[in-house]
Amino acid sequence: MLRISKMTDYAIMVMVELNASRGELLTAQVLAERSRLELPTVSKVLKMLVKTNLVDSYRGASGGYRLERSAEDISVAEIIAAIEGPIAMTECSVEEGLCAQEDVCGLRGNWQRISIAVATAMEGVSLAEMAQPVKPGARPLHITTLNA
């Protein structure tokens, strides 16, 4: 089963809360309370999101966090990449030389196709869409490969 990590799931939850604030600065403590997550976890997530320019950080007594861009302009793929690194199904689909079987295995190109299809599908879903409940009867995302 393919899964994102809990940390990535938490990052999306925190980003949804920041979106709901409509530009108001929120402290890590407030974000932890609203998302029902532990403060150290939220702080760790925020640090990664600030580092990748998805969230702005403001210091001081009235400081806090807010989205750097509108939720419509932030893709789920960006959030996942901020926490997990490049979206890829296998290590070899990201970079050469990471697999001992590379010289005898011909699957790398196909894994790259699959990785690109998954990343493209995730790039097509915005944070704004993630913040909305799924409508009854909503169709699942359609993932196509480059050769489809």
Side-chain angles (χ1 to χ4, degrees), residues 1-99 108-148:
M1 178 182 306
L2 300 172
R3 288 188 173 178
I4 61 169
S5 69
K6 284 184 180 183
M7 195 64 73
T8 299
D9 190 24
Y10 297 158
I12 293 172
M13 292 170 64
V14 167
M15 296 284 285
V16 166
E17 289 300 330
L18 286 170
N19 178 55
S21 76
R22 305 208 184 280
E24 175 188 353
L25 290 176
L26 298 179
T27 65
Q29 180 66 44
V30 168
L31 285 164
E33 291 168 6
R34 289 186 183 179
S35 59
R36 294 182 175 87
L37 297 170
E38 298 293 326
L39 179 58
T41 301
V42 171
S43 296
K44 184 176 179 179
V45 163
L46 286 167
K47 185 176 180 179
M48 289 186 264
L49 295 171
V50 167
K51 185 178 178 182
T52 55
N53 299 317
L54 292 173
V55 170
D56 282 327
S57 170
Y58 298 89
R59 292 183 174 202
S62 58
Y65 300 88
R66 73 172 152 221
L67 296 179
E68 175 145 324
R69 294 175 276 147
S70 72
E72 292 81 10
D73 295 332
I74 298 172
S75 73
V76 170
E78 289 178 275
I79 302 168
I80 293 170
I83 307 300
E84 308 270 353
I87 296 172
M89 304 304 291
T90 62
E91 286 183 345
C92 72
S93 61
V94 176
E95 187 177 328
E96 287 186 47
L98 297 177
C99 178
R108 183 168 189 252
N110 285 316
W111 279 123
Q112 286 176 322
R113 287 179 51 223
I114 294 167
S115 295
I116 290 168
V118 170
T120 300
M122 291 179 180
E123 288 165 3
V125 179
S126 71
L127 176 62
E129 291 173 287
M130 285 296 287
Q132 300 300 315
V134 175
K135 296 178 177 114
R139 294 175 49 200
L141 290 175
H142 178 70
I143 298 178
T144 58
T145 64
L146 298 176
N147 295 345

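Everything numeric in this text was worked out from a predicted model, so none of it was measured.
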Give me the atom names and distance for the closest heavy-atom approach of [X] to [Y].
{"X": "S126", "Y": "V76", "answer": "O-CG2, 4.3 Å"}
{"X": "S43", "Y": "A28", "answer": "OG-CB, 4.0 Å"}
{"X": "I79", "Y": "A11", "answer": "CG2-CB, 4.0 Å"}
{"X": "T52", "Y": "A82", "answer": "OG1-CB, 3.3 Å"}
{"X": "E123", "Y": "S75", "answer": "O-CB, 3.5 Å"}

**Study point:** Evaluation steps, side-chain contact (heavy atoms from CB on, under 4.5 Å), between L54 and L67
**Key:** CA-CA 6 Å; L54 292 173; L67 296 179; over 6 Å; no
Does [X] reach the side chain of [Y], with side-chain heavy atoms less than 4.5 Å apart?
{"X": "L127", "Y": "M15", "value": "yes"}
{"X": "E24", "Y": "L26", "value": "yes"}
{"X": "M7", "Y": "T41", "value": "yes"}

Can you measure from [atom1] ([X]) to [atom2] ([Y]) and round to the nearest 0.5 angstrom?
{"X": "N19", "Y": "R66", "atom1": "CG", "atom2": "CZ", "result": "13.5 Å"}
{"X": "I74", "Y": "E129", "atom1": "CD1", "atom2": "CD", "result": "13.0 Å"}
{"X": "L49", "Y": "K51", "atom1": "CG", "atom2": "NZ", "result": "12.0 Å"}
{"X": "Y58", "Y": "L25", "atom1": "OH", "atom2": "CG", "result": "6.5 Å"}

Point to revise | Qualifying residue, where the test is side chain to side chain contact (heavy atoms under 4.5 Å, CB included) with V14 and the options are L46, V55, D9 | key: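 So, applying the side chain to side chain contact (heavy atoms under 4.5 Å, CB included) to V14 and each of L46, V55, D9, only L46 qualifies.
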Point to revise | Exceeds 12 heavy-atom contacts within 6.0 angstrom, atom CD of E38 | key: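 Incorrect, the count does not exceed 12.
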Check your understanding: More than 12 non-hydrogen atoms from neighbouring residues, nucleotides or ligands closer than 6.0 Å to CE on M48, yes or no?
Key ->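 Count over threshold, so yes.
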Practice item. Apply side-chain hydrogen bond (donor to acceptor under 3.5 Å, both in side chains) to the pair T8 and E84, showing each step before the final yes or no. Key: CA-CA 7 Å; T8 299; E84 308 270 353; 2.5 Å; yes
Practice item. With side-chain contact (heavy atoms from CB on, under 4.5 Å) as the test, would you mind laying out the steps for E78 and R69 before giving the verdict? Key: CA-CA 12 Å; E78 289 178 275; R69 294 175 276 147; 2.6 Å; yes
Exercise for review: Could you check Q112, R108, R113 and say which one makes a side-chain hydrogen bond (donor to acceptor under 3.5 Å, both in side chains) with N110?
Suggested key: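 Option passing the side-chain hydrogen bond (donor to acceptor under 3.5 Å, both in side chains) with N110: R113.
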Exercise for review: Could you check V50 against Y65 for side-chain contact (heavy atoms from CB on, under 4.5 Å), going step by step and ending with a plain yes or no?
Suggested key: CA-CA 9 Å; V50 167; Y65 300 88; 3.9 Å; yes
**Study point:** Under the side chain to side chain contact (heavy atoms under 4.5 Å, CB included) test, residues paired with E17 that sit two or more places apart
**Key:**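 Partners of E17 under the side chain to side chain contact (heavy atoms under 4.5 Å, CB included) test: L31, R34, S35.
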